[in-house]
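First up is the structure itself, then whatever we jot down about it.
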Amino acid sequence: GAGKRVVLAPIRLGRALDHDVTLHFQVVADTATAGADFEAATIEVTVPAGSTQVTVPVTLLGDALDEPEEALRIVILDAAGVPATRPESRLVIADDDDQPTLAVLDADIIEGNVDNRVENIVLRLSIPSGRTIRVMATPVDRTATSAGGDFVFRSFDVVFVPGQVEVAVPVTIVADS
């Protein structure tokens, strides 16, 4: 969804120490984009003496765009003398946005009596998507039929690139002779 939200990523020490430990982390891009999907940041956290876990706050930037899962990395910059067995961790951002629906727009086409011609039938997504969407479009006989010679039957592999909401599909209309 849209808006900012803070998630708390857990960081664990292998064992509790008898003193506070201050750790420095950097939040960086993996497949997610800094400034669009999350706020890049350098973060300081302190693990209190006797504790083995602390959380690192990560600010996610929501949008309303259906898109694949994305990821960011939390990288240890300074472990204050504590050995780091895993110097970075990956945080996956699951998409929670609505997927678009597909509609074929109605078209009123005059058949004509002389020459065949191509008319575009428009396919429309209800909302933009951040994904590439592929559909197979096939004309269906209704009042106009391919067997009756009203149009040329042909299926189309239609591709919506990210952000695109309309694609025109060319259909050959057969003239009456």
For a quick test of reading the model, state the closest non-hydrogen atom pair linking [X] to [Y] and the distance between them.
X: Gly149; Y: Val174; value: O-CB, 3.1 Å
X: Glu44; Y: Thr22; value: CG-CG2, 3.4 Å
X: Ala137; Y: Val158; value: CB-CG2, 3.9 Å
X: Gln53; Y: Pro10; value: NE2-CB, 3.8 Å
X: Asp95; Y: Arg131; value: OD2-NH2, 4.0 Å

Find out whether [X] and [Y] are in side-chain contact, i.e. whether some heavy atom of one side chain is under 4.5 Å from a heavy atom of the other.
X: Ile173; Y: Val171; value: yes
X: Val56; Y: Leu8; value: no
X: Thr52; Y: Arg12; value: no

Stepwise side chain to side chain contact (heavy atoms under 4.5 Å, CB included) test for Ile11 and Thr55: CA-CA 6 Å; Ile11 303 295; Thr55 55; over 6 Å; no

Atom pair [atom1]/[atom2] of [X] and [Y] - distance to nearest 0.5 Å:
X: Asp98; Y: Leu65; atom1: CG; atom2: CG; answer: 11.5 Å
X: His24; Y: Asp78; atom1: NE2; atom2: CG; answer: 6.0 Å
X: Leu72; Y: Ser89; atom1: CG; atom2: OG; answer: 8.5 Å

Pair Val122-Val167, side chain to side chain contact (heavy atoms under 4.5 Å, CB included): steps then yes or no: CA-CA 6 Å; Val122 176; Val167 173; over 6 Å; no

Step-by-step side chain to side chain contact (heavy atoms under 4.5 Å, CB included) determination, Leu125 to Phe160: CA-CA 9 Å; Leu125 295 178; Phe160 289 87; 3.7 Å; yes

